[in-house]
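Report on one structure; see the data block that follows.
None of the values given here were measured: they were computed from a predicted structure. Only this structure's heavy atoms are used, side chains among them; waters, hydrogens and symmetry mates stay out.
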Amino acid sequence: MPDRRYEVPAAAESVQQLVDMLQLKHLDPSGAEAAAGRGGEDHFLGPVFKQAYWRVFGGQVLAQAATAAMATVEPDRLIHSVHGYFLRPGDANKPIQVSVERLRDGGSFSARRSQAYQDGTPILSMIASFQRPSPGVAHQRRMPEGVPDPEDLAPPQELVGHVKHPIVHEWAHGRPFDIRHVDRPIYLEADQDAHATSAVWLKTKAALPDDANIHRAAILYASDYTLLEPVLRRHGLYWAKPEMKVASLDHAMWWHRDARADEWLLYVQQSPSAQNARGLAQGSIYSRNGALVASVAQEGMVRPPEGLRPKLSEKMQQTLVHSSRATRTINKKYSQTWTSRYLET
């Protein structure tokens, strides 16, 4: 349930919280050398800041687990992939402990297993792989052409900043990332053009430190925001639909090239399949100059509501949404951009 005492942080504060949550405390740094020698474990403690949700944002747990693993490898070995499973929701009022098992350090690659815990119970299990940069073959998929610039799209505070609800207010103001939707946003209502693709521009709302690992972790953090939207769009669903249940089940990411998370990135997403209350989504993250920065995949649980009560709640909610002067103004201003197709369907 939303915390009634929760105050949405200002833009600069939310970015500072992102940086602070990536500063994990090494609980036994004196034992790190011994852990490396015996293939043992390192233990870290990651801070959690209050959120409008009762549970921790999944991107935070991913980023903290990856950051802990980064702290156990040599600086010249860069993280290039993670594969994680969300096991339980995290409590937004408790810190997260991360244990890192040193699985292997080879000539070029290192492997780590990160487990995130609260109260001794695992909430995420992740394998991360690292590599020393090496020469070799190189190619990439081209970034889609003709996508509108982020400056021509609505910021989240313009889209839903007028809605008086703590969770929606956090979407508008409290996230450390500015997210600009290329497609019609599905915060409060469905996209009537059902398609299994989506795209957003995103970057942090303030500058991040010049630490490449912070930028890698921040991009992983943000990759969990909108990746299931192609599944929702394809089936006429939206985030605020009454009594709908959506949860990330697993998450994989491959870093291809370095990029800054405080500069605009284009996140192109699609869903090849949904079945058995699970939807698969895939994403490609590009820098503004067209470099393919990362590839992402996630499967999520999506359970649309059933029964009369959620239908009645939705009808009342949609009456308010469609009668809103702010909604009508936004739709008129951006409708032509949102109904154009820039991605293959």
Should [X] and [Y] count as an ion pair when the cut-off is N to O under 4.0 Å?
X    : Y    : answer
E145 : R142 : yes
E314 : K241 : yes
D193 : R184 : no
K205 : D262 : no
D105 : R112 : yes

Just by distance, do the side chain of [X] and the backbone of [Y] share a donor-acceptor pair under 3.5 Å?
X    : Y    : result
R55  : A92  : no
E13  : P176 : no
R288 : L265 : no
S271 : V231 : no
Q140 : G290 : yes
S14  : P9   : no
D28  : D42  : no
Q118 : I123 : no
Q23  : V19  : yes
N276 : R278 : no

Does either side chain, that of [X] or that of [Y], offer a donor lying less than 3.5 Å from an acceptor on the other one?
X    : Y    : result
R102 : T72  : no
S295 : H256 : yes
Q269 : T226 : yes
S99  : E101 : no
E299 : Y85  : no

Check whether any side-chain heavy atom of [X] lies under 4.5 Å from a side-chain heavy atom of [Y], and answer yes or no.
X    : Y    : value
Y221 : M21  : yes
H181 : Y187 : yes
Y238 : Q318 : yes
Q270 : Q282 : yes

- Message: Using the ring-ring contact (aromatic ring centres under 6.0 Å, His included) criterion, which residues pair with H251? Sequence neighbours excluded.
- Response: none
- Sorted by chain and number, sequence neighbours left out, ring-ring contact (aromatic ring centres under 6.0 Å, His included) with H43 holds for none
- Which one of K311, R309, R303 satisfies the salt bridge (charged side-chain N to carboxylate O under 4.0 Å, His left out) criterion with E243? R309
- Full working for side-chain contact (heavy atoms from CB on, under 4.5 Å) between F130 and M70: CA-CA 8 Å; F130 299 79; M70 292 177 195; 3.8 Å; yes
- Query: Is it true that the NZ or CZ of R180 lies under 6.0 Å from the centre of W264's six-membered ring and within 45 degrees of the ring axis?
  - Reply: no
- Query: What do the steps show when you test V296 against Y267 for side-chain contact (heavy atoms from CB on, under 4.5 Å), and what is the final call?
  - Reply: CA-CA 10 Å; V296 195; Y267 193 7; 3.8 Å; yes
- Tell me the salt bridge (Lys or Arg N to Asp or Glu O under 4.0 Å) pairs involving residues 214-232, sequence neighbours left out? R216-D258, E229-R233
- Residues in side chain to side chain contact (heavy atoms under 4.5 Å, CB included) with N289, at least two apart? S287, A291
- Please identify each residue that fulfils side chain to side chain contact (heavy atoms under 4.5 Å, CB included) with A222, with sequence neighbours left out. F177, L202, Y225
Nearest 0.5 Å please: distance from the [atom1] atom of [X] over to the [atom2] atom of [Y].
X    : Y    : atom1 : atom2 : value
T329 : H162 : OG1   : NE2   : 9.5 Å
F44  : T67  : CZ    : OG1   : 10.0 Å
E170 : H165 : CD    : NE2   : 11.5 Å

- For the residue pair P47 and Q64, what are the closest heavy atoms and their distance? O-NE2, 3.0 Å
- Item | side chain to side chain donor-acceptor pair (under 3.5 Å) pairs, two or more places apart, involving residues 124-133 | D76-R132, H80-S129, Q115-S125
- Query: According to the interplanar angle, ranging from 0 to 90°, do the rings of H83 and W254 count as parallel (below 30°), tilted (30 to 60°) or perpendicular (above 60°)?
  - Reply: perpendicular
